**Student:** 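Handing you this structure, nothing more for now.
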Number of protein chains: 2
Amino acid sequence: MAQRFRHPAEYYTDPENSIGYLARVVFRSFSRLLERGTLTHDVSAGQWRFLRQLWRQDGITQRELSERVGMREPTTVVALKSLEAAGFIRREKTDTDKRKTYIYLTPHAKRLELVLAPMNAEIHEIATRGMTDAEVATLQAMLRRVVENLADETRTLSVLSDVQA
Amino acid sequence: MAQRFRHPAEYYTDPENSIGYLARVVFRSFSRLLERGTLTHDVSAGQWRFLRQLWRQDGITQRELSERVGMREPTTVVALKSLEAAGFIRREKTDTDKRKTYIYLTPHAKRLELVLAPMNAEIHEIATRGMTDAEVATLQAMLRRVVENLADETRTLSVLSDVQA
DNA sequence: TCGGAAAGGATAGTATTCTAAGGACGTGAG
DNA sequence: CTCACGTCCTTAGAATACTATCCTTTCCGA
C-alpha cells in the first residue's frame, strides 16, 4: 500500500495547482465570453452547446444528443424545451419506435450556424493568445487524456457498485 | 481586418477540439469523483471548495473568500449558510468595521482537513495517470495561461462597457 | 462637518444542472 | 403469448451559481 503520490496533499491547497479548479475557471470564463456574443442572437451558452452538436448532425435522438453534448438526459429535456420554445428545433416521432424522439433544427437555427459558430473560434483565439500552435495542440491532447483517465475511473466505480447491487 | 485564425470555425464543431468543452468535462468529472469521497463526511463538492480556502486561512471576510474561491458573493452567502448550518464555520463581527463579517472554521471542520484534503490529491493521481511530472506541470502552466488570457479579455470588455455607461 | 460615493453583505428571482423516480413502449426467454 | 426486463423520455425536487438590486456602514472631499 506504499502509494506514491506525485505531490503531497498540501500542494493542492493552492487552487492554482489544482487542475479541477483551473478547469472550472477556464470553463466558466469561456462560457461567459461566448454568451456575450450569442446573447445578441437570443442564444444562451447552454443552448449553444446543444446547437453546436445539432449543427454537426440533426435528426438524432435525445439520448444520442445527451451523450454527445455531455449532459444527463433530464438536462437535455429542459434544454430542448427552451430550444423548441425559441423556435430553434422541432421534435419528431416515428411509428417504427414510438419511444424515440428525433430532434431537427429549424431553418432559422441552421442559418445561425454561420453567425454563431465562428464565435467559438474567436474565444479560442483569445484564450490561446501568445501560445504556439504546438502548445495548443499539447494542451488539447493532455486535456483529452485527463478526460479519459477520469472516465475510466468513473466506469470502474460504476462496475463496482453494480456488482454490489 | 485580415484576422488570421489558428483554425477555421469548422474545426471547433468537434467539441473534442474545444478547450471550453474539455474544461467543462474535466471540471465536472473531477467534481463528481471528489464528491464521492467527501459525501461520506457530509461535505458536498461546493462546500469543499470553500473549506479548501478556509483551511489555508480562516478569519477572512466574505468578500475575500469569494475572490479566493472564484465565486460571486451571492453564491458565497448561500454556501456559507449551508456551512454554518452544518457546523463547519461560524461568522464573527467586530466593532472596528460593522460591515465586515469574518469567517472562522469550527474545530470539527479543521479536523476534516486531514481526511478530506488528501482526496483531492488522490483525484489528481487518477486524472494524471500515465503522464510525466513535466507533462502535468506543462498542463497546469498552460491552463493558468488560458485563465489569464480570458481574464484579461473580460477586464478589457468591462472597461469598455464602463466607458459606454 | 456633512452629503454623496464606495464597500460589505444580503435578498429576490432566474438559469442550469443534477439525482431519483416514474411511465410508456419494445423485446426476448420460456 | 406473456411478462419481466431494458430502453427512451419525462417529471419532481434539490443544489449551485448567476445578475440585479437593496440595505447598512464607512470614507472622503468640499
Side-chain angles (χ1 to χ4, degrees), chain A residues 21 24-25 27-36 38-39 42-50 60-67 69-86 89 91-103 154 158 161-162 165, chain B residues 20 24-25 27-36 38-39 42-51 60-86 89 91-103 154 158 161-162 165:
Chain A
Y21 172 83
R24 172 164 65 92
V25 175
F27 158 58
R28 288 243 310 272
S29 308
F30 237 89
S31 236
R32 219 171 300 182
L33 280 175
L34 184 64
E35 200 164 53
R36 249 180 232 267
T38 59
L39 274 183
D42 295 313
V43 175
S44 73
Q47 293 176 319
W48 189 89
R49 280 175 212 127
F50 286 90
I60 60 179
T61 65
Q62 290 195 199
R63 172 149 305 175
E64 181 61 32
L65 182 58
S66 297
E67 278 165 19
V69 173
M71 302 281 191
R72 306 288 176 167
E73 290 183 55
T75 306
T76 303
V77 170
V78 174
L80 288 180
K81 269 185 193 168
S82 88
L83 285 169
E84 191 170 28
I89 60 147
R91 298 143 178 266
E92 255 180 44
K93 294 249 177 201
T94 64
D95 280 339
T96 57
D97 189 337
K98 286 177 186 167
R99 294 170 303 180
K100 297 186 179 177
T101 309
Y102 297 92
I103 312 298
T154 302
S158 298
S161 54
D162 282 355
Chain B
R24 170 163 67 91
V25 175
F27 157 58
R28 288 242 311 270
S29 308
F30 238 90
S31 237
R32 220 172 298 181
L33 280 175
L34 184 64
E35 200 164 54
R36 251 181 230 266
T38 60
L39 274 184
D42 296 313
V43 175
S44 73
Q47 292 176 319
W48 189 90
R49 278 172 214 129
F50 286 91
L51 289 179
I60 59 179
T61 64
Q62 291 195 198
R63 173 150 304 177
E64 181 62 31
L65 182 58
S66 296
E67 279 166 18
R68 295 192 190 179
V69 173
M71 302 281 191
R72 307 290 177 167
E73 290 183 57
T75 305
T76 302
V77 170
V78 174
L80 288 179
K81 269 185 192 167
S82 89
L83 285 168
E84 191 170 30
I89 61 148
R91 299 145 179 263
E92 253 181 43
K93 294 249 177 199
T94 64
D95 280 340
T96 56
D97 189 336
K98 287 177 184 164
R99 293 170 305 180
K100 295 187 180 178
T101 308
Y102 297 92
I103 313 297
T154 302
S158 297
S161 54
D162 283 355

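As a basis for the values below, the full set of heavy atoms in this structure was taken, side chains included, without hydrogen atoms, waters or symmetry mates. Computed from a predicted structure; not experimentally measured. In what follows, chains carry the letters A, B, and so on, assigned in the order in which the sequence lines appear, proteins first and then strands, with residues in each chain numbered from 1.
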**Student:** Check every strand shown and say whether B:Lys93 touches a base, only sugar-phosphate, or nothing at a heavy-atom separation below 4.0 Å.
**Tutor:** nothing

**Student:** Between atom CZ in A:Phe50 and atom C1' in C:dT16, what is the gap in whole Å?
**Tutor:** 10 Å

**Student:** Quick one: is D:dT16 close enough that its OP1 or OP2 comes under 4.0 Å of any side-chain N or O from B:Ser44?
**Tutor:** yes

**Student:** Please work out if A:Val78 contacts a base, only the sugar-phosphate, or nothing of the nucleic acid, heavy-atom cut-off 4.0 Å.
**Tutor:** base

**Student:** Are the side chains of B:Arg24 and A:Phe30 in contact, using a 4.5 Å heavy-atom criterion?
**Tutor:** no

**Student:** Which nucleotide, D:dC18, C:dG9, D:dT10, lies nearest any side-chain atom of A:Pro74?
**Tutor:** D:dT10

**Student:** Report the distance from atom CG of B:Leu80 to atom P of D:dT16, rounded to the nearest whole Å.
**Tutor:** 12 Å

**Student:** Counting the atoms with a prime plus P, OP1 and OP2 as sugar-phosphate, which does A:Thr75 contact under 4.0 Å by heavy atoms, base, sugar-phosphate, or nothing?
**Tutor:** base

**Student:** Of all the choices, C:dA24, C:dC18, C:dA10, which nucleotide is nearest to the side chain of A:Arg99 once you look at every atom?
**Tutor:** C:dA24

**Student:** Please state how far atom NZ in A:Lys100 lies from atom P in C:dG23, giving the value in whole angstrom units.
**Tutor:** 23 Å

**Student:** If you find the nucleotide of DNA chain C closest to A:Thr96 and the one closest to A:Glu73, which residue's nucleotide is nearer the 5' end?
**Tutor:** A:Glu73

**Student:** For A:Ser31 and A:Arg49, does a side-chain donor sit closer than 3.5 Å to a side-chain acceptor?
**Tutor:** yes

**Student:** Can you check the A:Gln47 CD to C:dA15 P distance for me, whole Å?
**Tutor:** 10 Å

**Student:** Does the side chain of B:Lys81 get closer than 4.0 angstrom to OP1 or OP2 of D:dA15 through an N or O atom?
**Tutor:** no

**Student:** Which residue, A:Gln62 or A:Arg24, contacts DNA chain D at a nucleotide closer to its 5' end, judged by nearest heavy atom?
**Tutor:** A:Gln62

**Student:** Short question: side chain of A:Thr38, backbone of A:Val43 - any donor-acceptor pair under 3.5 Å?
**Tutor:** yes

**Student:** If you look at every strand shown and take non-hydrogen atoms under 4.0 Å, does A:Arg91 touch a base, only sugar-phosphate, or nothing?
**Tutor:** sugar-phosphate

**Student:** Under 4.0 Å, heavy atoms only, any strand: does B:Arg49 hit a base, just the sugar-phosphate, or nothing?
**Tutor:** sugar-phosphate

**Student:** With a 4.5 Å limit on heavy-atom distance, are the side chains of B:Glu73 and B:Gln62 in contact?
**Tutor:** no

**Student:** What nucleic acid atoms does B:Thr61 come within less than 4.0 Å of, heavy atoms only: base, sugar-phosphate, or nothing?
**Tutor:** sugar-phosphate

**Student:** Please determine whether side-chain contact (heavy atoms from CB on, under 4.5 Å) holds for the pair A:Glu92 and A:Thr101, giving the CA-CA distance in whole Å, both sets of side-chain angles, and the decisive distance to 0.1 Å.
**Tutor:** CA-CA 6 Å; A:Glu92 255 180 44; A:Thr101 309; over 6 Å; no

